[in-house]
Colleague: 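The structure follows.
Residue numbers start from 1 in every chain, and the chains themselves are labelled A, B, ... in the order their sequence lines are given, proteins ahead of strands. The analysis underlying the following values was restricted to heavy atoms, covering all of them including side chains, and did not include hydrogens, waters or symmetry mates.
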Number of protein chains: 2
Amino acid sequence: MSTPLPNQAVRGSTSGVPIMAVFDLLGRKWNMRILWELNNKPMSFRGLQARCDGMSPSVLNTRIKQLSEAKLIDKTEQGYQLSDMGQSLMLTLNPLREWSHKWHKVLDSDYK
Amino acid sequence: MSTPLPNQAVRGSTSGVPIMAVFDLLGRKWNMRILWELNNKPMSFRGLQARCDGMSPSVLNTRIKQLSEAKLIDKTEQGYQLSDMGQSLMLTLNPLREWSHKWHKVLDSDYK
DNA sequence: TAGTGGTGCTACTTATTTCGTAGCAAAACT
DNA sequence: AGTTTTGCTACGAAATAAGTAGCACCACTA
């Protein structure tokens, strides 16, 4: 399993179009969540693991490698943290929080 | 495998916080891609399959069910298409395209 | 009206990904 | 020196995704 990066073929697409690489990378379990958690503050390996409901260390390990290769996170004295690119990604993903609340309401009202 | 919906426990989180449900749902392979493709135009089952590099029908089938349950897509005369919620999701995800291009450039310049 | 082709699937097997647990080496703390 | 904490690796089991085959249901055509 290789890290999906733009400009090379990614899982589910041979085009190498950047957005497809994003879908591939973020479409893997935990990646969005990890970035989300790191958005709050830098965290250690075990800290991340705890925040992410005890995700298995093997997966966390591969995720960290992928996100590092993708230049979205860095390892520092303070633990793992978002890179500049990672921060800008979270910035563009921010509206998702508001959207999720609307979604919640819609589903709620539909099923009651 | 159940559809991750807000207000109930989702994979990787017992909190039921809406944003976690989003991560869970979109973190499954193909879901973002499917929405992305439907954003352009409504499509048939086989149309979607073709656009998504021949994804297996079994997975597409379960995805369609999940996205339908999540009220993000509907089935119509014209094929599958985004619901209002689905459209608003794609709207908030739109900036991702621009971001992906920046990302592309950064990775490119770093590795040359 | 028998044949052709497209569509929306289901069934089944295999491959890949993720989980869960155990454990270990290195650093930090007591 | 002994105990914790941290950052992992290993490995078997479970869940998810891929790949292929095929069938029922149209719509159209010869």
Colleague: Given atom CG of A/N31 and atom P of C/dT17, what is their separation to the nearest angstrom?
Modeller: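 A/N31 atom CG is separated from C/dT17 atom P by 13 Å.
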
Colleague: Heavy-atom count check: over 12 atoms from other residues, nucleotides or ligands less than 6.0 Å from A/N94 CG?
Modeller: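 Counting neighbours around CG of A/N94, more than 12 heavy atoms of other residues, nucleotides or ligands fall under 6.0 Å, so yes.
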
Colleague: Any salt bridge linking A/E37 with A/R33? Criterion: basic side-chain nitrogen under 4.0 Å from a carboxylate oxygen.
Modeller: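 Counted as a salt bridge, because a side-chain N and a carboxylate O are separated by less than 4.0 Å.
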
Colleague: Take atom CD1 of A/I64 and atom P of C/dT18, then tell me their distance rounded to the nearest Å.
Modeller: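 So the CD1-P distance, A/I64 to C/dT18, works out to 15 Å.
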
Colleague: Kindly indicate, with the supporting measurements, whether the criterion side chain to side chain contact (heavy atoms under 4.5 Å, CB included) is fulfilled by A/I34 and A/I64.
Modeller: CA-CA 9 Å; A/I34 290 170; A/I64 283 174; 5.6 Å; no

Colleague: For the pair made of CD in A/E77 and P in D/dG7, what is the distance, rounded to whole Å?
Modeller: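 After rounding, the gap between these two atoms is 12 Å.
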
Colleague: Checking B/Q49 side chain against B/G54 main chain: does a donor-acceptor pair fall under 3.5 Å?
Modeller: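 Not a single qualifying donor-acceptor pair exists.
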
Colleague: For the pair made of CG in B/L60 and P in D/dA17, what is the distance, rounded to whole Å?
Modeller: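 Going from B/L60 (CG) to D/dA17 (P), I get 12 Å.
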
Colleague: Between P on D/dA14 and NZ on A/K29, what's the gap in Å once rounded to a whole number?
Modeller: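 Whole-Å distance recorded here is 16 Å.
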
Colleague: Say whether, by atom type as modelled, one donor and one acceptor occur between the side chain of A/T92 and the main chain of B/P95 under 3.5 angstrom.
Modeller: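 Side chain of A/T92 to backbone of B/P95, a donor-acceptor pair under 3.5 Å: no, none is there.
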
Colleague: Closer than 4.0 Å, any side-chain N/O of A/W30 to the OP1 or OP2 of C/dT17?
Modeller: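 No, A/W30 has no side-chain N/O under 4.0 Å of OP1/OP2 on C/dT17.
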
Colleague: Taking only the side-chain heavy atoms of A/S58 (C-beta and beyond), determine which of D/dA18, C/dG20, D/dA21 contains the nearest atom.
Modeller: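 Closest nucleotide to the A/S58 side chain: C/dG20.
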
Colleague: Looking across every strand, which nucleic acid part, if any, lies under 4.0 Å from A/T62 by heavy atom: base, sugar-phosphate, or nothing?
Modeller: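 Nothing: the residue A/T62, judged by heavy atoms under 4.0 Å, touches no strand.
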
Colleague: D/dC8, OP1 or OP2 - any side-chain N/O from A/K65 closer than 4.0 Å?
Modeller: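 No, because none of the side-chain N or O atoms of A/K65 sits under 4.0 Å from OP1 or OP2 of D/dC8.
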
Colleague: Over how many whole Å does the gap from B/R33 atom CZ to D/dA18 atom C1' extend?
Modeller: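 Rounded to the whole Å, the gap is 15 Å.
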
Colleague: Taking the side chain of A/Y80 as its heavy atoms from C-beta onward, which of D/dG7, C/dT18, C/dT21 lies nearest to it?
Modeller: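 Among D/dG7, C/dT18, C/dT21, the one nearest the side chain of A/Y80 is D/dG7.
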
Colleague: Using a 4.5 Å cut-off on heavy atoms from C-beta on, say whether the side chain of A/S88 contacts that of B/W103.
Modeller: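 A side-chain contact is absent here, since even the closest heavy-atom pair is not under 4.5 Å.
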
Colleague: Would you tell me if any nitrogen or oxygen in the side chain of A/K75 comes within less than 4.0 Å of OP1 or OP2 on D/dC8?
Modeller: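 The answer is yes; a side-chain N or O of A/K75 sits under 4.0 Å from OP1 or OP2.
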
Colleague: Do any of residues 39-48 of chain A sit with a heavy atom less than 4.0 Å from DNA chain D, and if so which?
Modeller: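 When residues 39-48 of chain A is checked for heavy atoms under 4.0 Å from DNA chain D, the hits, listed by number, are A/S44, A/F45, A/R46.
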
Colleague: In this structure, how many angstroms lie between the P atom of C/dG6 and the CD atom of B/Q78, rounded?
Modeller: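 In whole Å, C/dG6 P and B/Q78 CD are 21 Å from each other.
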
Colleague: Judged by each residue's nearest nucleotide on DNA chain D, which is more toward the 5′ side, B/V59 or B/Q49?
Modeller: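 Upstream on the strand: B/V59.
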
Colleague: For C/dT17 and B/R28 - does any side-chain N or O of the residue sit under 4.0 Å from the phosphate oxygens OP1/OP2?
Modeller: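 It does not, given that no N or O in the side chain of B/R28 lies less than 4.0 Å from OP1 or OP2 of C/dT17.
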
Colleague: Which whole-number value in Å describes the distance from B/M32 CE to D/dA17 P?
Modeller: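 B/M32 atom CE is separated from D/dA17 atom P by 14 Å.
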
Colleague: Ignoring the backbone of B/R63, work out which of C/dC19, D/dT16, C/dT17 is nearest its side chain.
Modeller: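 The answer is D/dT16.
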
Colleague: Between B/E98 and B/K102, is the closest basic N to carboxylate O distance under 4.0 Å?
Modeller: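 Looking at B/K102 and B/E98, the cut-off is not met.
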
